[in-house]
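Along the sequence shown, the residues carry numbers beginning at 1.
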Amino acid sequence: MRGKMPMVFVCSSFTPFEKAAPEMPHIRYRTIEVAIPLPVDRTFHYSVPETLRSSIQPGVRVLVPFGRRKLTGYVLGSVAAPSGELKDVIEILDSEPLFTTREIAFYRWIAAYYLYPLGEVIKTALPSGINVESRRKTVTGSDGSLTTEEHLTTGKSIRRERFYQAVPEAANTSAIRGTGAGILLFLLENGEMSRSKINESFLNPSAPLKRLADLGLVTIEEREVYRDPFREEVVTSERSLSLNEHQAAAFSKIAETVSAGEFSPFLLHGVTGSGKTEVYLHAIAHALHQGKRALVLTPEIALTPQLVRRFRGRFSEGIAVLHSGLSVGERYDEWRRIRRGEVSIVIGARSAIFAPLDKLGIIVVDEEHEATYKQSDGVTYNARDLALVRGKLEKATVVLGSATPLITTFHAAKEGRIQYLPLPERVAGRPMPETRIVDTRKLKGVTFSPEMITAITDNLDQGGQTLLFLNRRGFATYLLCKDCGHVYRCPNCSVTLTHHRAKQRHFCHYCDYSLPAPSICPECHGTDIGLFGRGTERLEDEVQELFPAARVARMDSDTTTGRGGHARILKRLEDGTIDILIGTQMIAKGHDYPGVTLVGIVSADATLNIPDFRSAERTFQLVSQVMGRAGRGDSPGKVIIQGASYDHYALLRAAAHDYEGFFEEEIAFREEVGYPPFSHLAMVVISGTAEKAVEKGAHDAARSLREERQLLKIRAEILGPAPAPLAKVRGRFRWQILLKARNRSELKRLLSTFQREWNPARVLRTIIDVDPVDTL
C-alpha cells in the first residue's frame, strides 16, 4: 500500500511517530491518489479534468471509473503524473472535505498496522450510507425495446423542515377565521414554529397555512433539521463536585498536560466508586476552557445514557453521541454536527474513535480493560489502542480509566511508559463492600446457596436493591433427550441451542438460528426431553418464586431490544421501582446506583474455563466490576460470590479487592509462558463452508508462514493450525494459527510478506487479526 506510516507500539510502549501532515493550501491538482473501498491492498491514480481541478482537494469523495463500474473514491492528495494513460475522475461529490490530512495520516496508520485496505478503513470511519455507486437497470421503452439506464445511488438524505413565522402586521388583521385564525394567534404568541409542531396542535393545517402565506401574513423558510437522539431526554443541571485529595492530584497532572498541548498518556486506576467520572468531567472542563475539544469512549451502549445525562447536566457546550443504538439518520446528523465544529464533546462506543473532531485536547477511554473496544469483523481495530495513536497524532492527553486495568496497561505504567494516577479510596470515605465466597460444589441442582437466600431476604427487609449476575441469557443453556442422550445443537455453529421459554423456541446466540420447542427427539423419537443449565430467564423465574413480593426485572440482550431499551430498565432501577435486577455483564459495567446494597454473583467461575490465556484476567475483571456496584450510596454494600473454583486466585483476589496481588500472580504466569506483555500476538483465521477445504487451506497457510519465517530469519513462534474452539460459526468452518513474537516489527514483517504472497482458494476467507483479544 502506498504511503504506509511507521508503526506505534500502542499496548505497552511508545515509539517515535511520524508527524501529521499540515493542512494543505488549496491548489489545482492534475493527478490524484485515490483510495477505493474494496479489498485491495493498494491505492489508485486518476487524472483530474481541467474543469474539476479548481474544486478537488484531499478529503473529498470522487466518482471514478473502476472496471465496468463507477465507484466512490476518497482523495488522499496529489501525486506526480506517472507515465502512461490514466482514467479521468468523473465527478466530485463533495464541496467540502469529509476528512482532513491529519485524519488521512490516522487512516494510513490503521491500514498499515492492521493490514487492511485503506479504502475500507476510510469507509469504516465515515457514517454508513454516505458512499456513491452506480447501479444499472433495464427499462422497457414505449416501442417494446430494452435499454439499460445507469442510476447513481447516494448517501443519507438530509432532513429538511418548513418553519413558519407570523409577520408583525398580522396582529392587526381580522380577515382570517376558523383554523387559520387559531394558527395565526399561535404563531404570534409563540414565535417561529416548525411544521411538525403546528401539526401536533392543529388538525389538517395545510390549507389554512397556504392561505396565510398567500395573504403574506406568515413567512415560510425551509431549512435543514438535525435528527436529535436526545429529543426525549430531560436535562437536569448538575453542579461541579469538589474533588478529594487523590482526585485533585490526578486532575492537576492531567490539566497540566492538556495546557501544554503535548501527547501524554495516563492510567487513572481507581477502585469502583472512587470518582473517576468526576475527574473526567473536571479535566474536560479544563480542556474546553483552553478552547479544545474532548472525546469520551465507553465500552457499552448501556453505559451511554447515564454518562450523557451527567455531561449534559454539567456542560452547556454542544455534545454529540455516536453508537450503534442510533438510527442511521441520527448517526449521520451527529457526524455532520461534529464535522461542522458545532460540537465540543463527543461520547460514544468504539466507532466514536473516528469522530471528526478538530482541536482535540483530551481523549478519555472509560473502562479501558473492556474487550468490546475491539472490532470483531472488517478492520479488526481496537479503539482503546487507537485512542493512544490518535492522541499522539493530535498532541492530546489520553486518559485510560479503570478499576481493573489490563495487565498490559498496568505493566506499562509500572515501567513508566504511562503515567500512573491512583484513586485508592471510594469517595466520601465509603467502604468497599463486604464480600464472601461460597463453595457451590455441594449445591446439587440448587441455584442459590442458603447464604445467598438469606442475604437477599435481609436486603429486601431493609429496603435495599439487589443485583444478581449470571453471564448467560435464556432459560436453559442446552436441551438433552434423556432416553438417548441427544443434545440439540445449531446446524450452523459449534454450539448448543439455548431454550427461551418466553418465545417457546430454541436459539443459537451466534447466528440466530432457531427452532420451535420440540416434543419428540429427532434421533430416537423419545418424548423425555430435559432442559439443563441456567440462563437469566430461568433465574428470573426462580427469583420470582422465592421472593413473590419483590419487584423483579431482567437486563440482557433479550429485554433491551428496541430504542432506549437499556435506559428504560436503568431508569426504573434509579427510581427505586426495581427491588431485584437480574442481568448479564450489561449490569456489571460502570453503572452508579446508590440504592444497590447487595450483589449476588451466581456462577463466578464460569469464565475461568474458557480456552484463552486471559480467562483468569477476564474473571477477575468481571467479578470485581460486578462487586463494585454494591454500596455506592450512604448504606454499606455486601457481595455474595458463588463458585465451584472458590479457591482460584482470580476469585480470592477479587473478593479481597486486591488488584496488585492479582497482577503479581498473573504477570508471573504470563512471563513463564511468554504471553503479553512479554510477546505480541497475531491470529490468522481461515474459514469457509467446505470443511476439508478449510483444513487444507489452514495447513497450507501455516506451511507458508513457516517458510517465510525461515527465509526472513524472523524469530516468531507459530502455533497450529488447529480448529478454532468455536469450530463452526454461521455455517463457516474455522481453523486458526496463532503467532507469537517478542519483536513487534518482526511479526509485522512476517504477516505483511504472508499477506502479499498468500493466494488461497477462492472458497476460503483469510482474516489476519493483529493483537487479538480472544482466541475463540
* Which atom names give the shortest non-hydrogen contact between G361 and V258, and what distance separates them? -> O-CG2, 4.2 Å
* Within a strict 4.5 Å, meaning less than it, do heavy atoms of the T124 and V121 side chains meet? -> no
* List for me each residue that meets ring-ring contact (aromatic ring centres under 6.0 Å, His included) alongside F251, sequence neighbours excluded, and say none if there are none. => H282
* **Side-chain heavy-atom pair P433, K638 within 4.5 angstrom cut-off** => no
* Positive for side chain to side chain contact (heavy atoms under 4.5 Å, CB included) with L739, one of V770, I714, L751 -> L751
* Run the side chain to side chain contact (heavy atoms under 4.5 Å, CB included) check on T272 and S624 step by step: do they pass? -> CA-CA 8 Å; T272 54; S624 298; 6.0 Å; no
* **Residues forming a salt bridge (Lys or Arg N to Asp or Glu O under 4.0 Å) with K374, sequence neighbours excluded** => D769
* Asked: Can you check whether L443's main-chain N or O pairs, donor with acceptor, with T440's side chain at less than 3.5 Å?
  -> no
* **Side chains of Q625 and T404, donor plus acceptor under 3.5 Å** => yes
* Quick one: closest heavy-atom pair of I353 and R390, and the distance? => O-NH1, 2.7 Å
* **V685 and T766, any side-chain heavy atoms less than 4.5 Å apart** => no
* When you measure from the side chain of E746 to the backbone N and O of A716, does any donor-acceptor pair fall under 3.5 Å? -> no
* Asked: What's the shortest heavy-atom distance between L681 and S679, and which atoms?
  -> CD2-OG, 4.0 Å
* If you measure only the distance, is there a donor-acceptor pair under 3.5 Å linking the side chains of Q375 and T380? -> no
* Pair R670 + E617, salt bridge at N-O below 4.0 Å -> yes
* Asked: Side-chain donor-acceptor pair under 3.5 Å between D612 and T775, yes or no?
  -> yes
* Which atoms form the tightest heavy-atom contact between I641 and A604, and what is the distance? -> CG2-CB, 3.4 Å
* Y510 atom OH: more than 12 heavy-atom contacts under 6.0 Å -> no
* Output yes when a side-chain donor or acceptor of Y107 lies under 3.5 Å from a complementary backbone atom of E120, and no otherwise. => no
* To do: Run the numbers on L598 and L467 for side chain to side chain contact (heavy atoms under 4.5 Å, CB included), then give the verdict.
  => CA-CA 6 Å; L598 175 65; L467 294 186; over 6 Å; no
* Do any N or O atoms from the side chain of R426 and from the backbone of G631 form a donor-acceptor pair under 3.5 angstrom? -> yes
* Does a side-chain heavy-atom distance below 4.5 Å link L423 with V271? -> no
* Asked: If you count the non-hydrogen atoms of other residues, nucleotides and ligands that lie under 6.0 Å from CZ in R749, is the total more than 12?
  -> yes
* Residues in salt bridge (Lys or Arg N to Asp or Glu O under 4.0 Å) with R734, at least two apart? -> none
* Okay, side chain of H286, backbone of A255: is any donor-acceptor separation there less than 3.5 Å? -> yes
* To do: Begin with the C-alpha distance, continue with both residues' side-chain angles, and end with the deciding distance and a verdict on ring pair (Phe, Tyr, Trp, His ring centres under 6.0 Å) for F311 and Y280.
  => CA-CA 10 Å; F311 272 76; Y280 301 156; 8.1 Å; no
* Asked: Between R730 and C493, what is the shortest heavy-atom contact and its length?
  -> N-SG, 3.0 Å
* Counting only heavy atoms not in E451, do more than 12 fall under 6.0 Å of its CD? -> yes
* Asked: Taking all atoms of both residues into account, what is the closest heavy-atom pair of V427 and S274, and its distance?
  -> CG1-O, 3.4 Å
* Look at K392 together with E262 and state whether they make a salt bridge at an N to O cut-off of under 4.0 Å. => no
* Are Y649 and E666 linked by a side-chain donor-acceptor pair shorter than 3.5 Å? -> yes
* Asked: Can you name the side-chain hydrogen bond (donor to acceptor under 3.5 Å, both in side chains) partners of Y593, sequence neighbours left out?
  -> none
* Got a donor-acceptor contact below 3.5 angstrom from the R430 side chain to the G633 backbone? -> yes
* side chain to side chain contact (heavy atoms under 4.5 Å, CB included) between I363 and V399: does it pass, once the steps are laid out? -> CA-CA 6 Å; I363 303 174; V399 180; over 6 Å; no
* To do: Please say whether more than 12 non-hydrogen atoms of neighbouring residues, nucleotides or ligands are located less than 6.0 Å from CZ in R715.
  => no
* Taking S252 for its side chain and A249 for its backbone only, find out whether a donor-acceptor pair lies under 3.5 Å. => no
* Distance only, no hydrogens: is a donor on one side chain within 3.5 Å (strictly under) of an acceptor on the other, for R744 and Y113? -> yes
* Structure fact -> Between the CD1 atom in I718 and the CD atom in E708, the distance rounded to the nearest 0.5 Å is 9.5 Å
* Asked: Can you find a pair of side-chain heavy atoms, one from T298 and one from E367, that are under 4.5 Å apart?
  -> no
* Answer yes or no: is there a side-chain heavy-atom contact under 4.5 Å between S752 and Q755? => no
* Check the pair F263, L393 against side chain to side chain contact (heavy atoms under 4.5 Å, CB included), reporting the backbone distance first and the verdict last. => CA-CA 8 Å; F263 168 60; L393 272 170; over 6 Å; no
* **Sequence-distant partners of A701, side-chain contact (heavy atoms from CB on, under 4.5 Å), two or more places apart** => I686, I737, F754, W758
* To do: Please say whether the positively charged group of K740, taken as NZ for Lys or CZ for Arg, lies over the ring of Y675, i.e. under 6.0 angstrom from the six-membered ring centre and within 45 degrees of the axis.
  => yes
* Asked: When the ring centroid of F620 is compared with that of F662, is the distance short of 6.0 Å?
  -> yes
* Asked: Are T536 and D556 linked by a side-chain donor-acceptor pair shorter than 3.5 Å?
  -> yes
* **Check: R653 and F663 side chains under 4.5 Å, non-hydrogen atoms** => no
* Asked: Do T466 and V599 have side-chain heavy atoms sitting under 4.5 Å apart?
  -> no
* Evaluate ring pair (Phe, Tyr, Trp, His ring centres under 6.0 Å) for F410 paired with Y420, printing each intermediate quantity in order. => CA-CA 8 Å; F410 194 71; Y420 184 66; 5.7 Å; yes
* Would you check if the side chain of D605 reaches a backbone N or O of S645 as a donor-acceptor pair within less than 3.5 Å? => yes
* So, does R732 use its side chain to make a donor-acceptor pair with the main chain of S687 at under 3.5 Å? -> yes
* To do: For the residue pair T409 and E368, confirm or rule out a side-chain donor-acceptor distance under 3.5 Å.
  => yes
* Structure fact -> The ring-ring contact (aromatic ring centres under 6.0 Å, His included) partners of H246 (sequence neighbours excluded) come to none
* **Check: F669 main-chain N/O paired with E672 side-chain donor or acceptor under 3.5 Å** => no
* Asked: Can you tell me if T397 and S264 form a side-chain donor-acceptor pair at under 3.5 Å?
  -> no
